[in-house]
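Here is the structure we will look at.
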Amino acid sequence: MNRTSLAQYAYWTGLVVVLTLLNSTHGFNGDEGVVLEGAWGLMNGRALYTDSFQIATPGSFYLVSWIWHLLWPDYYLAKMLGAASNLFTAVAIYLTSRLVVSKDNTFSYIAPILYCLASVAWPTISYHTFNVAFLAWATYFCVRAVSTESLRNIAVAGLLTGFSALFLQHKGAAFFLAVLLFLLFSYSCDKKTFWIKGTALYVLFFLAPLTVLFKWPASILYEDLFNFPRLHYVEVNRVSFAPFIVTACYVALPFVILRDGLTREMKLLFTLQVALLATSLQRTDLSHTLIVMFPVLSLVAAAYAKTEKLQLSKLTRYIYSSAAILAALFVSLLATVILIVSPPFHDQTKSEALPLMQYISDHCESFYAGPFLPGFYFEARRLDPTYYSGFMTKMNTDQQFARARAELQAARPSCAVTNYEMVEKFGYDRQNPVDEFIRMNYEVAYTWKDIHVYRLRGKASHSGIDASPGL
């Protein structure tokens, strides 16, 4: 093995180690819980969209369920899939970067590291994480197709885009439309038949994976995957625009540097970046904006190479350097803080939260977990007694709350597990039919931090109450 190969091996091995450390903790996360609860339901014979309500396409739930069927149901197996997805995205960033620079430079290797460090900002087990891995590779094959005018590569890109839409519909659709418009615009510029043939192939291969959606009635898919998110999702997810504005500035920076020498491949990457960043407008927090920054990260090496050739003033060079250093420091500090707060290989369910999990296991044959604790069903190996994996009063409708209350009345689970503090930031209102039913029929039997376990009145054992803030 020569020195270059050894360095490459050490680099990617180091990246795997970093991702392992960053994704080795086991805690309670509502977003991860959505996927875990959906996959657990599939393993136990429940059908998506008919037996349980979901607003994302089915890919993530089936992927996790399949790996559990193949091996065994385990949190860390699902976590491994998410960590692997982050690694695949990092590899795609590196390879795409190599397509747009004439030769390797340091930033070809720095960009994947930055993405891996930034991955602490979003849940590991998430349809966003799985979706972006497909999109990053679709980007690579799109750029490669444009570079070589290869119909085979554009077909592979279409197939990967289709699979991405099976994991998250709106990001897959935005990416698809951006590529489609780029191909048609390219044809209008030079009239090459490649663009028309490429467009047809891209559309055909994009649609191929989506045929699996015929498994469900179109009316249900329209209502759950399009209409409900369109009408209700944004209202509960209004947050500061600051992360979006900052990331938009970081998209603009390499564009300003490269604007005089933009190749067709670079134009495609900027087009895709703008489309993907626009999808984060539904919730402009750090996780939704950072996770889609892979196209611009693929351009970092090209931007750096361009600055080396330009005669820049000291002030301009200082601004560019400062922006790069600040970005690197920010994601490094973010990853460091997460490692300190959640040490590697720390399993909350087997340490400080073990008494809580043991109490639920011993006293709750069935339970409702809410307003947004879907992961508890998987952790305790129980099934959700309602059609809904979580509730937000600014998102879920009165009819949905009424249906859930009726389901709880029929099932009368022995316990209710709640954490209201975690949903206060979403403006959650406890004056709703579900929480009214809990207040009328249950009483607190156990408390761990902000999590309360209620038992049906007459069954609660007050000797089990622990009102302390932690154990």
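Predicted model only: the values in this text are computed from it and were never measured. Along the sequence shown, residues are numbered consecutively beginning with 1.
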- prompt: Can T418 and H452 be counted as having a side-chain donor-acceptor contact under 3.5 angstrom?
  reply: no

- request: Could you tell me whether the side chain of E443 and the main chain of L456 form a donor-acceptor pair under 3.5 Å?
  value: no

message: Classify the ring geometry of F141 against W137: parallel below 30°, tilted from 30° to 60°, perpendicular beyond 60°.
response: tilted

- request: Can you establish whether the number of heavy atoms outside F88 located under 6.0 Å from its atom CZ is more than 12?
  value: no

message: Is there a side-chain contact between W68 and F378 in this structure, where contact means two heavy atoms from C-beta onward sitting under 4.5 Å apart?
response: yes

task: Indicate yes or no: at least one non-hydrogen side-chain atom of F185 is less than 4.5 angstrom from one of T271.
output: no

message: Once rounded to the nearest 0.5 Å, what's the spacing between atom CZ of R403 and atom OG1 of T397?
response: 10.5 Å

task: For W216 and D224, test the side chains for any donor-to-acceptor distance below 3.5 angstrom and give the result as yes or no.
output: no

message: Between R259 (side chain only) and V256 (backbone N and O only), is there a donor and an acceptor less than 3.5 Å apart?
response: yes

message: Before you tell me yes or no, could you show the steps for F401 and F391 under ring pair (Phe, Tyr, Trp, His ring centres under 6.0 Å), namely the whole-Å CA-CA distance, both residues' side-chain angles and the distance that decides it to 0.1 Å?
response: CA-CA 8 Å; F401 273 102; F391 285 101; 4.8 Å; yes

- prompt: Above 12 or not: heavy atoms from other molecules or residues under 6.0 Å from CZ of F255?
  reply: no

task: May I ask you to test the F426-T393 pair for a side-chain heavy-atom distance under 4.5 Å?
output: no

message: Parallel, tilted or perpendicular, judged at 30° and 60°: which one describes the rings of F206 and F176?
response: parallel

message: Just by distance, no angles: are the side chains of S298 and Y94 close enough, under 3.5 Å, to form a donor-acceptor pair?
response: no

query: Heavy-atom distance under 4.5 Å between the side chains of L19 and V16, does that happen here?
result: no

query: Which atom names give the shortest non-hydrogen contact between L356 and W448, and what distance separates them?
result: CD2-CE3, 3.7 Å

task: Would you please say whether a donor-acceptor pair under 3.5 Å links the side chains of Y75 and D347?
output: no

query: Are the side chain of E407 and the backbone of Y388 linked by a donor-acceptor contact shorter than 3.5 Å?
result: no

field: Audit row: S24, Y76, side-chain hydrogen bond (donor to acceptor under 3.5 Å, both in side chains) steps and yes/no
entry: CA-CA 8 Å; S24 60; Y76 280 107; over 6 Å; no

- request: Determine, for F367 and R382, whether the Lys NZ or Arg CZ falls below 6.0 Å from the six-membered ring centre while staying within 45 degrees of the axis.
  value: no

message: Using side-chain hydrogen bond (donor to acceptor under 3.5 Å, both in side chains), reason through W122 and N86 one step at a time and then give a plain yes or no.
response: CA-CA 10 Å; W122 55 84; N86 287 326; 3.2 Å; yes

field: Pair H26-E32, side-chain donor/acceptor within less than 3.5 Å
entry: no

- prompt: Closest approach of V143 and T96, non-hydrogen atoms and distance?
  reply: CG2-CG2, 4.1 Å

Side-chain donor or acceptor of Y115 paired with backbone N/O of I291 under 3.5 Å: yes

- request: Measure across S85 and F130 and return the closest heavy-atom pair with its distance rounded to 0.1 Å.
  value: OG-CD2, 3.2 Å

Gap separating the CE atom of M357 from the OH atom of Y359, nearest 0.5 angstrom: 13.5 Å

query: Where is the tightest heavy-atom contact between S287 and A121, given as atom of each residue plus distance?
result: CB-O, 2.9 Å

message: When you measure from the side chain of D435 to the backbone of Q431, do you find a donor-acceptor pair of N or O atoms at a distance under 3.5 Å?
response: no

- prompt: Under the 3.5 angstrom rule, does the side chain of S97 hit a backbone N or O of I93 as a donor-acceptor pair?
  reply: no

query: Any idea which heavy atoms bring W40 and P73 closest together, and the distance?
result: CZ3-CB, 4.0 Å

message: Suppose we call two aromatic rings close when their centres sit under 6.0 Å apart. Are F28 and F376 close by that rule?
response: yes

- prompt: Which atom names give the shortest non-hydrogen contact between V34 and Y127, and what distance separates them?
  reply: CG1-CE2, 4.2 Å

message: Return the OG to CD distance between S389 and Q54, rounded to the nearest 0.5 Å.
response: 4.5 Å

Any side-chain donor near an acceptor of the partner, T124 and N23, under 3.5 Å: yes

query: So, does R455 use its side chain to make a donor-acceptor pair with the main chain of A445 at under 3.5 Å?
result: no

message: Would you compute the distance between atom CG of L329 and atom CG of L333 and round it to the nearest 0.5 angstrom?
response: 8.0 Å

message: Within the structure provided, determine whether H170 and Q282 are in side-chain contact (heavy-atom separation under 4.5 Å).
response: yes

message: Please evaluate residues D31 and S126 with respect to the criterion side-chain contact (heavy atoms from CB on, under 4.5 Å), reporting the C-alpha separation (whole Å), side-chain torsions for both, the decisive distance (0.1 Å), and the verdict.
response: CA-CA 7 Å; D31 293 316; S126 166; 5.7 Å; no

- prompt: Are the side chain of S119 and the backbone of C116 linked by a donor-acceptor contact shorter than 3.5 Å?
  reply: yes

- prompt: Taking side chain as C-beta onward, heavy atoms only, is I360 less than 4.5 Å from V453?
  reply: yes

query: Will you find, in the side chains of H128 and K171, an N or O donor that is under 3.5 Å from an N or O acceptor?
result: yes

- request: Evaluate the salt bridge (Lys or Arg N to Asp or Glu O under 4.0 Å) criterion for residues E421 and K449: first the C-alpha distance (whole Å), next the side-chain angles of each, then the deciding distance (0.1 Å), finally the verdict.
  value: CA-CA 10 Å; E421 284 72 12; K449 293 188 177 180; over 6 Å; no

message: If you define the side chain from C-beta out and look only at heavy atoms, does anything of E223 sit under 4.5 Å from S219?
response: no

message: Nearest 0.5 Å, please: how far is CZ in R46 from CG in L48?
response: 11.5 Å

field: Polar side-chain atom of T25 near backbone of P344 as donor-acceptor pair, under 3.5 Å
entry: no

- prompt: Is any side-chain heavy atom of F134 closer than 4.5 Å to a side-chain heavy atom of L166?
  reply: no

task: Return yes if a side-chain donor-acceptor contact under 3.5 Å exists between Y428 and Y420, otherwise no.
output: no

- request: Hey, could you give me the CD1/OH distance between I451 and Y446, rounded to the nearest 0.5 Å?
  value: 10.5 Å

- prompt: Does Y368 use its side chain to pair, donor to acceptor, with the backbone of V434 at less than 3.5 Å?
  reply: no

task: Evaluate the criterion side-chain contact (heavy atoms from CB on, under 4.5 Å) for residue pair L77 and L71; output intermediate values, then yes/no.
output: CA-CA 9 Å; L77 285 176; L71 299 172; 3.9 Å; yes

task: For the residue pair Q358 and D362, confirm or rule out a side-chain donor-acceptor distance under 3.5 Å.
output: yes

field: Y387, OH: over 12 other non-hydrogen atoms inside 6.0 angstrom
entry: yes

